Amino acid sequence: MGLLSRLGLGRSSSRASSRGGGGFRPTGPDSAHLAEFAATRTGVEAYVEPATNVTPTTLVLVAQDGEWTRRRVPDPATARAFARRTGIPVYDVNLTGYPQRMREWTARKRREDGGL
């Protein structure tokens, strides 16, 4: 057993969190935030980010103006089900990448907030 495994940081722990062990509950605050974002913005699209050794599966919602939010989800199937329920298109970020408007919105916010 390696050091990372003993600390609960190895591959198996990240896979467990991507399957729902990361504290995400379908009716919890992450789900409520995503639902609120999708309901209060126009032109929202969903982008599924796969789990890595460091992070669980996440769902990024991007509005028409480029505003975005990211939250953990148990797995890609849950992310796709959320998109179907809310009637928004869903994409695999590994296949499509992120939309340019998301990068532009982030750059604009940094300038407004006095960041780099």
Side-chain angles (χ1 to χ4, degrees):
M1 175 183 261
L3 176 62
L4 291 178
S5 297
R6 285 183 287 208
L7 295 174
L9 301 173
R11 291 176 64 91
S12 63
S13 67
S14 67
R15 286 185 183 150
S17 67
S18 71
R19 289 189 302 265
F24 179 90
R25 294 170 298 156
T27 59
D30 288 337
S31 180
H33 173 79
L34 291 170
E36 185 272 334
F37 187 93
T40 58
R41 277 45 170 213
T42 59
V44 175
E45 296 175 330
Y47 293 83
V48 180
E49 298 175 315
T52 68
N53 288 337
V54 179
T55 61
T57 301
T58 54
L59 181 63
V60 178
L61 299 184
V62 182
Q64 184 175 11
D65 66 354
E67 181 182 5
W68 61 275
T69 189
R70 174 185 287 121
R71 292 295 185 270
R72 293 173 297 160
V73 293
D75 52 48
T78 301
R80 288 183 186 84
F82 171 83
R84 275 194 306 275
R85 274 195 319 276
T86 54
I88 59 177
V90 61
Y91 306 100
D92 180 334
V93 79
N94 282 342
L95 299 176
T96 64
Y98 297 100
Q100 181 63 33
R101 67 183 184 277
M102 179 181 170
R103 290 186 287 280
E104 291 167 354
W105 185 87
T106 300
R108 195 168 49 249
K109 289 299 284 181
R110 278 194 189 126
R111 285 191 305 271
E112 291 171 3
D113 295 344
L116 298 174

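Fair warning: this is a prediction, and the values are worked out from it, not measured in the lab. The first residue of the sequence shown is numbered 1, and numbering continues consecutively from there.
- Side-chain polar atoms of Y47 and E49 form no donor-acceptor pair below 3.5 angstrom.
- Residues that satisfy the salt bridge (Lys or Arg N to Asp or Glu O under 4.0 Å) test with R80, not counting sequence neighbours, are absent from this structure.
- The aromatic rings of W68 and W105 lie perpendicular to each other, with more than 60° between the two planes, well past the 30° mark.
- Among residues two or more places apart in sequence or in another chain, the side-chain hydrogen bond (donor to acceptor under 3.5 Å, both in side chains) test is passed with E67 by R41.
- Minimum interatomic distance between V62 and P99 (heavy atoms only, all atoms of both residues): CG1-CG, 3.9 Å.
- Cluster membership for V60 and V48, using ILVMFWY side-chain heavy atoms within less than 4.5 angstrom, is not shared.
- Going from atom CE of M102 over to atom CZ of R70 covers 5.5 Å, rounded to the nearest 0.5 Å.
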Could you tabulate the donor-acceptor pairs under 3.5 Å formed by side-chain atoms of residues 86-96, not counting sequence neighbours?
residue: T86; atom: OG1; partner: F82; partner atom: O; Å: 2.9
residue: T86; atom: OG1; partner: A83; partner atom: O; Å: 3.3
residue: D92; atom: OD1; partner: N94; partner atom: N; Å: 2.8
residue: T96; atom: OG1; partner: D92; partner atom: O; Å: 3.3

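- Considering CZ of R103 and CZ of R101, their distance stands at 10.5 Å, rounded to 0.5 Å.
- Pairing each heavy atom of L34 with each of V73, the nearest pair is CD1-CG1, 4.4 Å.
- We find the CZ-CG distance between R72 and D30 to be 5.0 Å, quoted to the nearest 0.5 Å.
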